[in-house]
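Presented below is the structure to which this report refers.
When reading the values below, keep in mind they use all heavy atoms of this one structure, side chains included, and skip hydrogens, waters and symmetry mates. Lettering of chains follows the sequences in order, A, B, ..., and the numbering in each one begins at 1.
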Amino acid sequence: MSKLEKPYNAGENEQAIYNLWQENNCFAPVSAPQKYVVAMPPPNVTGRLHIGHALGSTIQDILVRFHRLLGEEVLYLPGTDHAGIATQAVVERELAKKGIKRFEMGRENFVQEVWQWKDKYHERIVEQLKVMGVSCDWSREAFTLSEQYNEAVYTAFARMHEKGLIYRGEYLTNWSVKGQTAISDDEVIYEDRPGKLYYIKYLLSHNVDQSIIVATTRPETMLGDSAIVVHPKDHRYKKLVGKFAKLPLVGREIPIISDNAVDKEFGSGAVKLTPAHDKNDWELGQKHRLAVINIINTFGKLNENVPDAYQGLKTSAAREKIVNDLDSLNLLEKVEEIKHRVGVSERYGDIVEPIISTQWFVKMKPLAQKAIEAVESGAIKIIPKRFEKIYFHWVNNIHDWCISRQLWWGHRIPVWTKGAQTYVGVKAPQDKNWIQDEDVLDTWFSSALFPFATLGWPNTKSSDYKKYFPTSTLETGYDIIFFWVARMVMMSLELTGKVPFETVYLHGLVRDEKGRKMSKSLGNIVEPVELSRQWGTDALRMALVMGTSPGGDVNFSPTRAKGYRNFANKIWNASRFVLSHVGKEVVPIEVKKLDIHNRGDLAQLNNLISDVTGLLNENNVALAGEKLYDWFWHTFADIIIERHKKILLDGKEEERLASRYVLWCILEKCLIMLHPFMPFVTETIWQEIPLGLRKGQKFLVNNKWPS
RNA sequence: GGACGAUUAGCUCAGUUGGCUAGAGCGUCUCGUUUACACCGAGAAGGUCGUAGGUUCGAGUCCUACAUCGUCCACCA
């Protein structure tokens with residue numbers, strides 16, 4: 001009992017306890033009929049642990065530890081994500097500080113640089129995860145850009161290509177000038193920004209004394225206009241439909257057409273159409289078979305398809321010049337200040353430029369149908385249920401997914417060409433002169449394979465894949481339900497024919513105590529590792545998880561951790577008290593021979609056990625934790641221990657024996673049940689308990705859940 | 001424009017299928033230094049559960065409308 005001094009000091013014990021578990025291989029799956037498999041959402045390998053990771057890994061770890069205690073064969077599989085665009089953007093930014101550009105460095109050098117980053121920061125994120133106490137099997141740690149994982153990615157690509165689910169084509173895509181890459185629709189974030197709406201006169205071809213006024217926020221794109229569109233029922237313009245207008249500054253004749261897509265009320269009710277540089281215009285252009293005139297290059301500058309005066313100008317400079325030129329020609333009717341939404345690149349922060357380029361796409365419609373059925377049929381259960389609707393809505397309205405990126409950090413596309421020949425496969429063709437596609441895959445393409453690529457797929461005979469796939473529960477934030485969850489479901493059904501997991505548990509966003517998002521600019525970010533140092537990981541875990549419901553955002557105040565630090569101390573002291581009286585072993589007593597009070601105590605314990613077990617089986621982590629907290633403190637410590645205290649001091653020998661037995665029974669069961677929530681204090685205490693009392697159970701992690 | 005969530009004590013939130021005389025933590029106040037714990041104990045104050053209707057023997061819980069806040073999706077020339 002020497003080590004059980006007061007008060008409980010988390011800092012002194014946590015690291016040692018984690019090492020103890022690892023050294024004794026406590027997190028490795030132990031063969032059992034019932035499996036429980038959780039794949040950890042892999043954090044960005046160069047990232048640092050934020051409060052959202054802390055919440056997620058706590059919930060995962062609670063479920064995992066619970067099922068391990070139930071005696072199931074538990075695999076909690078960790079990994080990190082190479083996070084293509086995110087990592088590359090960060091490394092580029094760092095290099096830029098030293099005045100180095102990636103194109104000057106060259107591909108090989110740059111990629112090598114990123115690998116060094118990866119090696120350097122990988123350890124940091126892993127250490128931080130361990131601070132949270134995650135009980136995963138590190139011997140199986142995955143990395144989404146490892147050689148083995150790459151084979152899975154290439155196999156997936158090749159098979160889907162063969163089935164026609166992956167195709168290459170020239171389409172309008174979101175282009176980040178800063179990142180020099182295409183990005184998918186999901187990587188575009190829309191922001192409200194102040195802008196200007198320019199009203200421009202286009203003179204009519206058949207009568208140059210008259211004009212039609214179009215309104216636009218992007219006057220510079222007018223040089224690529226193919227038409228003017230009005231609403232078919234707009235009486236102002238009815239007569240003009242079918243006529244032509246003269247494109248100012250260019251002189252080209254463009255038709256005036258009609259389409260229901262136009263909003264009569266907005267601007268002048270007449271829209272200029274630039275199929276090469278606007279998503280809606282692109283679609284309308286396709287519908288009306290209009291010319292696509294590409295005027296902006298990948299560097300965001302006007303190209304040779306515009307009049308000499310504007311060639312080589314950046315779009316912003318071109319806008320200024322065009323507005324001035326129109327004004328001096330008396331073709332600028334007016335300018336309005338408006339607020340409008342602009343698409344911004346999630347990772348590079350620049351305004352997305354829609355341009356035409358050749359990219360690889362995944363055909364989503366055929367995948368979507370199965371993904372819907374999987375949830376409708378109940379093969380996959382989403383918690384909370386309301387997210388099913390959001391999931392259906394997204395999957396139902398899905399567009400093809402642009403998966404090629406003009407980046408260097410990632411899985412290079414497994415396509416080789418030689419003259420007119422194309423080869424798609426897992427390995428490069430043997431003979432010479434084949435050239436591999438320069439682009440890499442969207443990082444989410446590889447993440448989408450995570451639950452099976454980490455278990456040995458495409459080798460479906462590998463023992464891990466056979467034993468542990470499909471996985472049991474996927475726990476993640478609701479913010480990546482589209483990026484990740486839906487895509488995993490689709491890819492898994494397509495490639496393995498199975499659902500990737502049975503249950504999806506979604507947690508919410510961690511906000512500050514006022515309900516604001518945590519952000520650098522607000523200065524309200526809290527570092528989980530800091531909080532763990534201050535109050536202990538057990539306290540942090542409880543503070544994160546208590547009083548939360550699935551899918552609900554958490555307003556997190558660090559002071560809450562203080563309350564649970566106190567609780568850790570409470571467990572500590574209650575244990576000290578009980579253990580100091582119980583001695584080295586305890587004599588079991590039949591329930592029949594116990595008096596009514598003792599029986600009552602044990603009956604209450606049994607109620608608690610069945611409540612907590614039931615709640616955890618329903619994944620109701622917060623309520624289970626609250627029950628334990630409340631009962632342990634306010635029933636066990638405040639009432640039961642207090643009552644027995646008197647008996648232990650001046651009761652008869654027989655009564656004292658009974659008290660010892662009852663107290664030990666309760667303490668033992670409580671320690672086990674509290675363990676998933678507060679693994680460190682409980683294990684620390686367990687290690688101080690005499691072996692006789694422990695019935696040979698060396699570790700609490702691998703103990704048996706009471707029933 | 002479409003969908004979803006929230007609204008319960010000063011603050012942050014629980015309240016699982018309607019049984020609540022509405023709970024917890026923190027905070028506030030009073031008392032108490034009793035050898036498990038002051039990172040404690042005993043007790044107190046504090047809520048017409050957003051508003052208005054409805055269903056029901058009974059509604060914080062179900063239904064309808066509204067209000068406020070928040071989130072997501074789509075569109076914004």
Inset, instruction - Report the distance from atom CD of A:E191 to atom P of B:C73, rounded to the nearest whole Å. - result: 13 Å
Legend entry - Residue met sooner reading RNA chain B from 5', once A:Y198 and A:L615 are mapped to nucleotides: A:L615
Inset, instruction - Just call it for A:V554: base, sugar-phosphate, or nothing, with non-hydrogen atoms closer than 4.0 Å on any strand. - result: nothing
Inset, instruction - Please state how far atom CD1 in A:I647 lies from atom P in B:A36, giving the value in whole angstrom units. - result: 15 Å
Inset, instruction - Could you say whether A:K339 or A:I641 is positioned toward the 5' end of RNA chain B, judged by the nucleotide with the nearest heavy atom to each? - result: A:I641
Legend entry - Short side-chain N/O contact from A:K645 to OP1 or OP2 of B:U34, under 4.0 Å: no
Legend entry - A:T684 and A:Q687: side chain donor to acceptor below 3.5 Å: no
Legend entry - Distance below 4.0 Å between A:N566 side-chain N/O and B:C37 OP1 or OP2: no
Legend entry - Whole-Å gap separating P (B:U35) and CG (A:N573): 13 Å
Legend entry - Length of the OH-C1' vector between A:Y629 and B:C26, whole Å: 10 Å
Inset, instruction - Would you indicate, yes or no, if B:G23 has its OP1 or OP2 atom less than 4.0 angstrom from a side-chain nitrogen or oxygen of A:H634? - result: no
Inset, instruction - Answer with yes or no whether the side chains of A:D400 and A:Y171 bring together a donor and an acceptor at under 3.5 Å. - result: no
Legend entry - A:W633 vs B:G41: side-chain N/O to OP1/OP2 distance below 4.0 Å: yes
Legend entry - Atom pair distance, as rounded to whole Å: CH2 in A:W572 and P in B:C37: 14 Å
Legend entry - Sidechain N-carboxylate O distance under 4.0 Å for A:K339, A:D192: no
Inset, instruction - Classify the side chain of A:E642 and the base of B:A42 as holding, or not holding, a donor-acceptor pair under 3.5 Å. - result: no
Legend entry - Rounded distance (Å) that lies between atom C1' of B:U71 and atom CZ of A:F482: 11 Å
Inset, instruction - Identify whether any heavy atom of A:D638 sits under 4.0 Å from a base atom; if not, whether one sits that close to sugar-phosphate; answer base, sugar-phosphate or nothing. - result: sugar-phosphate
Legend entry - Donor-acceptor pair between A:D259 and A:H288 side chains, under 3.5 angstrom: yes
Legend entry - Any donor-acceptor N/O pair under 3.5 Å between B:C37 base and A:K570 side chain: yes
Legend entry - Out of B:G25, B:A14, B:G41, whichever nucleotide has its closest atom nearest the side chain of A:E626: B:A14
Legend entry - Donor-acceptor pair present, A:R560 side chain and B:C26 base, under 3.5 Å: no
Inset, instruction - Rounded off to whole Å, could you give me the CZ-to-C1' distance for the A:R576 and B:A36 pair? - result: 6 Å
Inset, instruction - For the pair A:D281 and A:R218, find out whether any cationic side-chain nitrogen is under 4.0 Å from an anionic carboxylate oxygen. - result: no
Legend entry - Nearest-angstrom distance from the residue atom CH2 of A:W535 to C1' of B:C26: 12 Å
Inset, instruction - Give A:R386 one of three labels, base, sugar-phosphate or nothing, depending on what nucleic acid heavy atoms sit under 4.0 Å from its own. - result: sugar-phosphate
Inset, instruction - Pick the P atom in B:G41 and in B:U51, then give their distance to the nearest Å. - result: 35 Å
Inset, instruction - Tell me yes or no: between the side chains of A:N573 and A:N569, is some donor less than 3.5 Å from an acceptor? - result: yes
